[in-house]
Number of protein chains: 2
Amino acid sequence: MEASNRAAVICRAIRRAILEQALAPGDKLPEDTLGERFGVSRTIARHALGQLASEGLVELRRNRIAVVATPSFDEARDEFDIRRELERLVVRALCGRLTVAQLQELRAHLADEEKAHGGPAANSIRLATEFHVKLAEMTGKPTLTRYVREIAYRSSLSLATFGRPHSSECAISEHRSVIEALAAGDGDAAASLMAHHLDQVADRAFLKVAPARGDLMEVLAPYAEVDHAASGHQPPKPRLRSKANAQSSG
Amino acid sequence: MEASNRAAVICRAIRRAILEQALAPGDKLPEDTLGERFGVSRTIARHALGQLASEGLVELRRNRIAVVATPSFDEARDEFDIRRELERLVVRALCGRLTVAQLQELRAHLADEEKAHGGPAANSIRLATEFHVKLAEMTGKPTLTRYVREIAYRSSLSLATFGRPHSSECAISEHRSVIEALAAGDGDAAASLMAHHLDQVADRAFLKVAPARGDLMEVLAPYAEVDHAASGHQPPKPRLRSKANAQSSG
DNA sequence: GGCAGTAATTCTGCATGCACTTTCATGAGC
DNA sequence: GCTCATGAAAGTGCATGCAGAATTACTGCC
């Protein structure tokens, strides 16, 4: 799938780091540091960054250090709209075509999600995303898989930027009901359950922006971001994001 | 939008060549030839090829010359399914939000399509594709635009592989009705007209595979391709494609 | 102490060189 | 005439070096 192994290793590492929110939007990714860390030359590191940029996970600006992408609020919203349709296609393609082994794999994945529930959020987030990617892969449709994977990873960046603390228990039960609808061969149900699930994720994550009380910054962040998008260039904003989230119980 | 100008120039040139079918699936793209042609080093050419590969227009195999991608029949079919949903999102996003200037631009584009109707097919194909890309761009949604653009360009490769002679007059009238529905602010109509249009394109292009009489090769090509995909590696197949198409009136 | 101007450092953009792989042409053997 | 080995040519994979841009550190000044 990836051009060469050595660049692919870097890509995978960075993708995973983003997924587990070890890398946050805006974090710098200098070519030589990267190359040094992975024991390759800048050429390879550069190649990997290009690949990640084409997936929307990294932003490349001329003569500037590459940074982890910072999706705007609008982008996040629009991408969830796309994602809903793509994943609807996924479950429709899957319905009635899943093998016993595949169903078993999905249920095993669900078990992993449950097991990770009490633990660190990074694991839960990663597993939840991988559930969607795994479903897409099972369609055997390369383009659909690619788009779902890209957008799912991008979603985790949106979550990092705008999301409030991840609540995984709802997601898990929604995953389960999608699987059961697929197992029952009910494509319509599976499709609307998936669409509903993604709407819920979006709502939980950043659409219902806090019930008024508490941190004003958090409420305003999305709207501020909209303004930035309109004005066309990024204001300073040095890591205000994580601070705002951390104080949400203020 | 693209990392650097110099690589972007090469990308644009190749994309356009593909769109106008001056480059056919399987055509070779050696790094140094490319670099020489555009007055840059292999490094830049290589970078451009990586970019195009990430868009699915070029296939990169280790230690092998890059080639223009050859979508399989299944891929082509699946991508039209994706495209239908994406472009439905496009017209829904556009409906009621198009400015007078934008409507004017779309109608001007339609006029260009009509003007190109009698002329070389390359022009008609390019303009038809650009119509869809232009619509997507007008949404202002970067990810949606990117995906529609990628898939539209990929479609032109599918057409080159499986398509029969392009018939542009239907496409043009269908484009017109989409625009008029958008101008009238009827989102439902626009969405289903667009979906219908894409279905028609797919049907005209390669789903109704010739009415039995004539060249057997042409009828079998898609099924042969399905087989290749299943067996996992490409058989020789040295440009059989264009020959089969040319003899379709046998 | 705060601030502007400047030098040093860091980092990217790109070409080039070398090692290795694939491909192709040539010719020997059957 | 056909197949198969063999060596040359062509092409990619990757590291490195140099030029220039961006950033940072530093110094003198108010």
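This structure is a prediction, so every number in the text was calculated from the model and none was measured. Numbers restart at 1 for each chain; the letters A, B, ... are given by sequence-line order, proteins then strands.
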inquiry  = Assuming nearest nucleotide by heavy-atom distance, tell me which of Thr43(B) and Leu29(B) is located more 5' along DNA chain D.
reply    = Leu29(B)

ask   = 5'-most contact on DNA chain C: Lys28(B) or Gly39(B), nearest heavy atom basis?
value =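 Here Gly39(B) is the residue nearer the 5' end.
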
Nearest-nucleotide pick for Asp32(A), side chain only, options being dT16(D), dT16(C), dC11(C) = dC11(C)

ask   = Looking at the side chain of Ser41(A), which of dT16(C), dT12(D), dT16(D) is the nearest nucleotide?
value = dT16(D)

task = Return yes if some donor-acceptor pair links the side-chain N/O of Asn123(A) with the main-chain N/O of Pro120(A) below 3.5 Å, else return no.
result = no

ask   = Which residues pass the ring pair (Phe, Tyr, Trp, His ring centres under 6.0 Å) test with Tyr153(B), sequence neighbours left out?
value = none

Interatomic distance where [atom1] belongs to [X] and [atom2] belongs to [N] [whole Å]:
{"X": "Leu34(B)", "N": "dA10(D)", "atom1": "CG", "atom2": "P", "value": "18 Å"}
{"X": "Ile65(B)", "N": "dA10(D)", "atom1": "CD1", "atom2": "P", "value": "11 Å"}
{"X": "Glu31(A)", "N": "dC14(C)", "atom1": "CD", "atom2": "C1'", "value": "11 Å"}
{"X": "Phe38(B)", "N": "dC14(C)", "atom1": "CZ", "atom2": "C1'", "value": "17 Å"}
{"X": "Leu49(B)", "N": "dT12(D)", "atom1": "CG", "atom2": "P", "value": "8 Å"}
{"X": "Glu36(A)", "N": "dT10(C)", "atom1": "CD", "atom2": "C1'", "value": "13 Å"}
{"X": "Arg61(A)", "N": "dG13(C)", "atom1": "CZ", "atom2": "P", "value": "11 Å"}
{"X": "Arg46(B)", "N": "dA10(D)", "atom1": "CZ", "atom2": "P", "value": "20 Å"}

Under a 4.0 Å N-O cut-off, is there an ion pair linking [X] with [Y]?
{"X": "Arg149(A)", "Y": "Glu137(A)", "answer": "yes"}
{"X": "Glu150(A)", "Y": "Arg154(A)", "answer": "no"}
{"X": "Lys141(B)", "Y": "Glu75(A)", "answer": "no"}
{"X": "Glu130(B)", "Y": "Arg126(B)", "answer": "yes"}

task = Measure distances between side-chain N and O atoms of Arg42(A) and base N and O atoms of dG13(C), and say whether any donor-acceptor pair falls under 3.5 Å.
result = yes

task = Give, for atom CG of Leu89(B) and atom CZ of Arg84(A), the distance between the pair rounded to the nearest 0.5 Å.
result = 8.5 Å

Within the sub-3.5 Å range, which N or O atoms of nucleotides 20-22 of chain C have a protein N or O partner, and how far apart are they?
| residue | atom | partner | partner atom | Å |
| --- | --- | --- | --- | --- |
| dT22(C) | O3' | Arg64(B) | NE | 3.4 |

